[in-house]
Amino acid sequence: MRERARFAPSPTGPLHIGGVRTALFNYLIAKKNGGDFILRIEDTDSKRTVKGAEEHIQDSLRWLGLKFDEGPIKQSERKYLYKKCIDELIKKGLAYYAFDTSVELEKMRANANGQFKYNYETRKNMINSFTVSDEEVKSRVKSGGYVVRMVVPEERKVTVNDEIRGSLSFKSNELEDKIIMKSDGMPTYHFANVVDDHDMKITSVVRGEEWLSSLPSHITLYDHFGWNPPKFFHLPLILKSTGQGKLSKRDADEQGHPVFAVQWEESKGFKEFGYTPEGIINYLALLGWKGKDETEKYTLDELIECFESKYINKSGARFDVKKALWINHLHLKDFSSKKILSLSNQAKSLLEKKYEVKVCEEIVDLIKQRLNTVLDVEKEVFVFINQPKSYDSDAIEKITRNTIYDILNFCKLNTELISDPLSLKESLMSFASESQISFGNIMKTLRLCIVGSLSGPDLFKIIEIIGHDETLQRIESLINKI
Ligand code: GLU
């Protein structure tokens, strides 16, 4: 059978990183088996639909490169199908009309101290197809204002299988006769979800573990229709960095990282924070899944190849922003310079104003290893554009004015060496021993002049690229500062 997996978000808000991971795992399961990935928008609850949420979901998937083969299929446009299936269950006696008003239901709940369940027992005392005459059912249905509930049989053992957690059993008496059609004629999530998974020939359902408790009701519906259920994978939660509790937007704000793939209203997403889709996909794959070996870096194609659902974890995965940055770094450092420049327009236009395209790419090659995010590109290329804005004050303490003068004189006298990093290094070494200054000291001083701090890319390469005049100017600038 052709593998078909679907991502089925409700457009009740922006797409959170947990939802992105669900989409990714669905995608991987589908593609691993050469199958289809489908986007279904579960929008049957119009009251909870948030404007712009569906676009946010699609923008996020687009940025991440998770292309769907079918969709978006909107449930709100498939009412006819749900109605047909509801009628079928009513006809079989496996669903029924319920006419209780919200006031009556409230009263029952209050009497039962909040323990009230509409089920095989209590339905006998309520107003529904079982307790009123056929005539009355007809006339009440005509005047509207009813819901349809599913029949959950008494004293049955419902066994459900989750591919991650194994087989679980529930007593049907603990379940409720869930509403499957609301008074506005729309199906509820549970009903539309089951009908659609069957209708769309879905073979694997991957979703968050919060849906595990609904699975017995879903399986009951599959039984009612006589349909074979798909395979279910309930993914563990993404936990906050402390490991206690589900990661929320507030926790993420506190830790200084986003929770959306792309910007939502005022809140920046991973994209705007300078993460790459490759980095985020890779990091999210490792949140709850681990390959056979210690490999950490995977492209999407490599994930498709290596992904095995049996290695999905049962327990929650802690969101670790340092690891996310590290994984992002692993991807950035392997990108071509051209690609990196295409991701950072700012850096590209700054560099291209000053250098030829070939040199711009050479510069990016020099800084690649130092990038954690795309935003770092602009920061890192600065040294090739301008004099340092400031100098590391601790480092200034360690150098002497005399040494800077010596270096300045050396550079003035050795103009031709500036464009030859190897000879410059050698000559500086002999200059160091002649003038009895340690080579380390000379390097530190020169680096401070050129970069403003003691770290940064290969110093001789920087000097080669910025050229003789700029090098002298930077040395003189530091002399003027101390
Ligand atoms: N609409 C549900 C959600 O947003 C989908 C659950 C499922 O995938 O079955 O989480």
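Counting convention: from 1, in listed order, for ligands and their atoms alike.
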Novice: Does Asp334 pair with Lys297 as a salt bridge, N-O distance under 4.0 Å?
Specialist: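 Salt bridge between Asp334 and Lys297, a charged N being under 4.0 Å from a carboxylate O: yes.
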Novice: For atom 6 (C) of ligand 1, what is the closest protein heavy atom, and at what distance to 0.1 Å?
Specialist: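 Going atom by atom, the protein heavy atom closest to atom 6 (C) of ligand 1 ends up being Tyr189 OH, 3.3 Å.
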Novice: Purely on distance, is any nitrogen or oxygen of Glu210 under 3.5 Å from one on ligand 1?
Specialist: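 Min N/O separation from ligand 1 is not below 3.5 Å for Glu210.
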Novice: Please identify which atoms of ligand 1 are closer than 4.0 Å to at least one heavy atom of Asn193.
Specialist: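 So the atoms of ligand 1 that pass are 7 (C), 9 (O).
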Novice: Quiz question: by atom type and distance under 3.5 Å, do the side chains of Asn128 and Tyr146 form a donor-acceptor pair?
Specialist: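 Side-chain D/A pair, Asn128 to Tyr146: absent.
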Novice: Could you tell me the residue and atom name of the protein heavy atom closest to atom 8 (O) of ligand 1, and the distance to it rounded to 0.1 Å?
Specialist: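 Nearest protein contact, heavy atoms only, for atom 8 (O) of ligand 1 is Arg6 NH1, 2.8 Å.
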Novice: Using 30° and 60° as the class boundaries, would you call the ring planes of Phe319 and His257 parallel, tilted or perpendicular?
Specialist: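 The rings of Phe319 and His257 lie parallel, inter-plane angle below 30°.
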Novice: Show me which atoms of ligand 1 lie under 4.0 Å from any heavy atom of Glu42.
Specialist: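 The list of qualifying atoms is 1 (N), 2 (C), 5 (C).
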Novice: Between the side chains of Asp301 and Thr299, does any donor sit under 3.5 Å from an acceptor?
Specialist: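 Distance-only check fails for Asp301 and Thr299.
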Novice: Are Asp134 and Lys138 ion-paired here, with the side-chain N under 4.0 Å from a carboxylate O?
Specialist: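 Between Lys138 and Asp134 there is no salt bridge, as every charged N stays at least 4.0 Å from the carboxylate O atoms.
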Novice: Looking at Tyr118, I'd like to know if the NZ or CZ of Arg149 sits under 6.0 Å from its six-membered ring centre while staying within 45 degrees of the ring's axis.
Specialist: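 Because its charged atom sits under 6.0 Å from the ring centre and within 45° of the axis, Arg149 does stack over Tyr118.
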Novice: Report the part of Phe7 in contact with ligand 1, treating N, CA, C, O as backbone and CB onward as side chain, heavy atoms under 4.0 Å; options are side chain, backbone, both, neither.
Specialist: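 Phe7 to ligand 1: no contact under 4.0 Å from either part.
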Novice: How far is atom 5 (C) of ligand 1 from its nearest protein heavy atom, and which residue and atom name does that atom have?
Specialist: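 Ranking protein heavy atoms by distance from atom 5 (C) of ligand 1, first comes Ala8 O, 3.1 Å.
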Novice: Do the ring centers of Phe130 and Tyr96 come within less than 6.0 Å of each other?
Specialist: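 Under 6.0 Å, so yes.
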Novice: Considering heavy atoms of the protein only, find what lies nearest to atom 10 (O) of ligand 1 and give residue, atom and distance to 0.1 Å.
Specialist: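 Answer, as residue, atom name and distance: Trp211 NE1, 3.0 Å.
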Novice: How does Ser10 reach ligand 1, if at all, at less than 4.0 Å between non-hydrogen atoms: by side chain, backbone, both, or neither?
Specialist: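 Under 4.0 Å from ligand 1, Ser10 contributes backbone and side-chain atoms.
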